[in-house]
Amino acid sequence: EAANQVDMLTAGGLEGLDDRIAKTKLPEDILQVLPGGILAVQKKEDASGTQVVVRIGWDRPGTPTQVELVGWVSTTEVSK
């Protein structure tokens, strides 16, 4: 699911990225299999470009870490 979210967020490049981030949420079918599922998205900008960091966490025993995936946003791609 993290890969799906990164793909959706990075598609279209920088145009509309903030809106896509604001609308991002875990789908209902994923929430049904990940108890207490949470999705966090962070946009990072530095000299090398713009990244989106997607983190997914859910309730499970122990001290688990969240799943994290980073995607680079194209500066030349345009939303359709």
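Keep in mind that this is a model prediction, so the values were computed, not measured.
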**Q** Answer yes or no: is there a side-chain heavy-atom contact under 4.5 Å between Val73 and Val52?
**A**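 SC-SC contact between Val73 and Val52 confirmed.
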**Q** Would you name the heavy atoms of Leu17 and Gly13 that are closest together and state the gap between them?
**A**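 Heavy-atom minimum between the residues: CB-O, 4.0 Å.
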**Q** Hey, are Gln5 and Glu1 close enough side-chain-wise for a donor-acceptor pair under 3.5 Å?
**A**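 Side-chain D/A pair, Glu1 to Gln5: present.
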**Q** Looking at Asp59 and Gly36, what are the two nearest heavy atoms and their distance?
**A**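 Residues Asp59 and Gly36, closest heavy atoms: OD2-CA, 3.6 Å.
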**Q** Which atoms form the tightest heavy-atom contact between Ser48 and Trp72, and what is the distance?
**A**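 Minimum heavy-atom contact is OG-CH2, 3.4 Å.
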**Q** Are any of the side-chain heavy atoms of Gln51 and Asp46 separated by less than 4.5 Å?
**A**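 Contact flag for Gln51/Asp46 side chains = yes.
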**Q** Would you give the length of the straight line joining atom CG of Leu14 to atom OG1 of Thr50, rounded to the nearest 0.5 angstrom?
**A**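 The distance works out to 5.0 Å.
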**Q** Testing the basics here: between Gly37 and Leu31, what is the closest heavy-atom pair and its distance to 0.1 Å?
**A**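 Closest heavy-atom pair between Gly37 and Leu31: O-CD2, 3.7 Å.
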**Q** Only counting residues at least two apart or in another chain, list the ones meeting side-chain contact (heavy atoms from CB on, under 4.5 Å) with Val41.
**A**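 Val41 satisfies side-chain contact (heavy atoms from CB on, under 4.5 Å) with Leu9, Ile21, Thr24, Leu39, Val54 once adjacent residues are dropped.
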**Q** Say whether, by atom type as modelled, one donor and one acceptor occur between the side chain of Arg20 and the main chain of Glu15 under 3.5 angstrom.
**A**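 Yes; at least one donor-acceptor contact below 3.5 Å.
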**Q** What are the two closest heavy atoms between Glu68 and Arg55, and how far apart are they?
**A**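 Taking Glu68 first and Arg55 second, the nearest heavy atoms are OE1-NE, 2.8 Å.
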**Q** To the nearest 0.5 Å, how far apart are CD1 in Ile38 and CG in Leu26?
**A**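 It comes to 8.5 Å.
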